[in-house]
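Please read all numbers here as calculations on a predicted model, not as lab measurements. Atoms within a ligand are numbered from 1 in the order they appear, just like the ligands themselves.
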Amino acid sequence: MYTISRKLSILFIACTISAILLVTLFVNLTVTNKFNDYMVDIQNKRYQRIVTYLEDVYKREGKWTENTGIELMHEAYMGNYCLTLMDQHKKPVWGMDPNAINKQLNMNSMPVQETGVYTTKSFEIKVNSRIVGYVDIGQYSTILLTEEDVNFKGSINKSIVASGILTLIIISGFSLYFSKQFSDPIKEVAKTSVNLSRGNYETKSSIKSNLIELKDLQKSVNVLAGKLKYQDILRKRLVSDISHEIRTPLHVLQNNLEAMIDGVFPVTTEKLLYLNEEVIRFGKLINNLNILKEFEAESTKLKYETIFLDEFITEISKDFNLDADKKNIMVDLNIQQNHKYLVTGDKDKLKQVFINLFSNSLKFTEPKGRVLIKLYENDNKITVEISDNGIGIKQEDLPFIFERLYRGDMSRHQIEGNGIGLTIAKNILQLHNASIEVESKEGKGTKFTICFPKNETS
Ligand code: ADP
């Protein structure tokens, strides 16, 4: 197992070494080729110079003697080549000993005299287009290199290797820096996940990276953290709410029954009716939880039919006239005209949704308040708005009100309810492909907006 930074560094360095080796090889080949071409050119010029020199000497002296052009011998000896001067009949006039050159080469231990095989080249010496003699130039390698030439070639190779090593060092530094740019943010996100797994949901990943994938990863981890935190709050509330909802009616029953058994309270029909109400309320809670369980298990069968939403809502709202009058709340029904509000759905289930929303508006609105029900069509959607100017919902409670048993702060627990209506409503609406949203301000009022997809035939 490797860390990302180690793996990336190894990769970078491996790529760099291969690149440097390839570049070194190509540069070396090119330099050697060009250098050899250059040396061959110099060599040819030297041959030409020797021939021209001997031609000039012959022109001047008119014959070959043992001393003709003897001064070339010293240069030839220094340059590690061998000269033999011959007359027009190819009879040697004078010549150098190849063995002497060989000895000198061995003494200087020149490495570049590759083959060691002695080869000669013969050149004609012409005066007035007539061959007057020949000069043989012999050497122990195809290209003759002086010590300076060999040193020059060596220094080029050394600088290629040095620049390769320098590049490797620089690239290693870069690779460490860049691999850290990958590994540091990933390490940070991993640390956040570990914190989350330990239940520390406040942790947020705050990596600084300009890589889209890493930023996305960070975002998802932060979203996950948010969701886990939300679920955690919900779980804690659910446990406390369930125990509260169950404990309260049980307490009332227990206390009253004990008092009756002890003879503190007389057993009257009125008392028994009161206790029966508690039992019914308790039964309702269990019933609602059961309904919810069915929705969540998606085992509820819906009876789909076409519903004229305008008529449907008008009918349901009429059932609340009495309650509204009792609390002196004005209920306005505002239906945008000239539209057919056709939706496909289960009448009984949708009735349950609207009954819950209407009754909540009346329940959470002070006497002399106002409830407005609006129905209109826009963007191929049929929208129902139920707004009131009641007590509103605290901002911090808003994200939770569609969760089961959520009833907001304890002060609301005096108002009849069990915090299940909205959860059921949301589930029913989801089965109808409809959405429900809430806007609310504490002390100002609440608005629920439901959007149905429009029935094709409407
Ligand atoms: P219940 O009304 O039985 O408590 P619901 O699921 O219908 O349960 O509502 C959950 C909570 O949402 C309520 O307890 C209340 O705090 C809040 N709520 C719902 N509707 C309104 C409203 N119109 N105005 C103020 N608060 C509301």
Side-chain angles (χ1 to χ4, degrees), residues 230 233-234 237-238 240-249 277-278 280-296 313 316-317 319-320 323-324 326-333 349-374 384-431 434-450:
Y230 171 77
I233 296 173
L234 214 63
R237 282 214 65 133
L238 190 65
S240 85
D241 285 352
I242 282 188
S243 65
H244 178 265
E245 290 298 320
I246 293 173
R247 218 180 325 113
T248 314
E277 254 173 46
E278 278 304 308
I280 290 170
R281 212 163 72 84
F282 189 55
K284 258 193 209 163
L285 169 73
I286 304 292
N287 230 13
N288 278 338
L289 279 173
N290 218 26
I291 293 172
L292 195 62
K293 191 192 77 194
E294 277 173 30
F295 274 113
E296 288 183 344
I313 287 176
I316 301 170
S317 72
D319 294 342
F320 287 91
D323 286 346
K326 262 194 216 160
K327 272 183 97 173
N328 204 3
I329 291 173
M330 198 169 75
V331 179
D332 275 339
L333 190 60
K349 300 281 182 280
L350 286 179
K351 194 171 177 182
Q352 214 176 325
V353 172
F354 288 113
I355 286 177
N356 179 262
L357 292 171
F358 293 165
S359 68
N360 272 354
S361 314
L362 291 176
K363 215 161 66 173
F364 296 106
T365 301
E366 305 288 357
K368 296 195 186 138
R370 197 174 67 94
V371 172
L372 174 64
I373 302 162
K374 267 171 94 177
V384 188
E385 277 180 20
I386 298 134
S387 48
D388 60 59
N389 59 355
I391 60 170
I393 303 166
K394 277 189 182 156
Q395 214 55 31
E396 66 256 34
D397 286 333
L398 270 180
F400 304 105
I401 63 155
F402 293 106
E403 299 299 337
R404 39 187 129 59
L405 297 176
Y406 202 88
R407 293 175 68 192
D409 56 76
M410 282 297 167
S411 64
R412 285 161 191 247
H413 289 205
Q414 273 96 39
I415 303 172
E416 170 93 21
N418 48 37
I420 273 177
L422 284 180
T423 319
I424 292 179
K426 190 168 183 178
N427 275 290
I428 293 175
L429 289 170
Q430 263 168 0
L431 292 175
S435 64
I436 178 164
E437 272 162 28
V438 62
E439 292 164 50
S440 187
K441 261 209 171 122
E442 208 187 356
K444 290 258 185 275
T446 305
K447 179 164 93 178
F448 284 94
T449 309
I450 301 169

Under-4.0 Å heavy-atom contact with ligand 1, by part of [X] that carries it:
X      : answer
Phe448 : side chain
Thr365 : neither
Ile393 : side chain

Which atoms of ligand 1 are found less than 4.0 Å from any heavy atom of [X]?
X      : answer
Ile420 : 6 (O), 8 (O)
Leu422 : 5 (P), 6 (O), 7 (O), 9 (O), 10 (C), 12 (O), 19 (C)
Lys363 : 1 (P), 2 (O), 3 (O)
Asn356 : 7 (O)

Indicate yes or no for a side-chain donor-acceptor contact from [X] to the backbone of [Y] under 3.5 Å, with no hydrogens or angles considered.
X      : Y      : answer
Ser359 : Asn356 : yes
Asn290 : Ile286 : no
Ser387 : Thr446 : no
Lys327 : Gly369 : no
Asn328 : Pro367 : no

Within this structure, what is the CD1-CG distance for the pair Ile401 and Leu422, rounded to the nearest 0.5 Å?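 Between atom CD1 of Ile401 and atom CG of Leu422 there are 5.0 Å.
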Output yes when the distance from some N or O of ligand 1 to some N or O of Gly421 is under 3.5 Å, and no in every other case.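 N/O-N/O distance under 3.5 Å: yes.
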Does at least one non-hydrogen atom of Gly390 fall below 4.0 angstrom from an atom of ligand 1?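 No, Gly390 has no heavy atoms under 4.0 Å from ligand 1.
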Check the angle between the aromatic planes of Phe320 and Phe358 and answer parallel, tilted or perpendicular using the 30° and 60° thresholds.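 Aromatic pair Phe320/Phe358 classed perpendicular.
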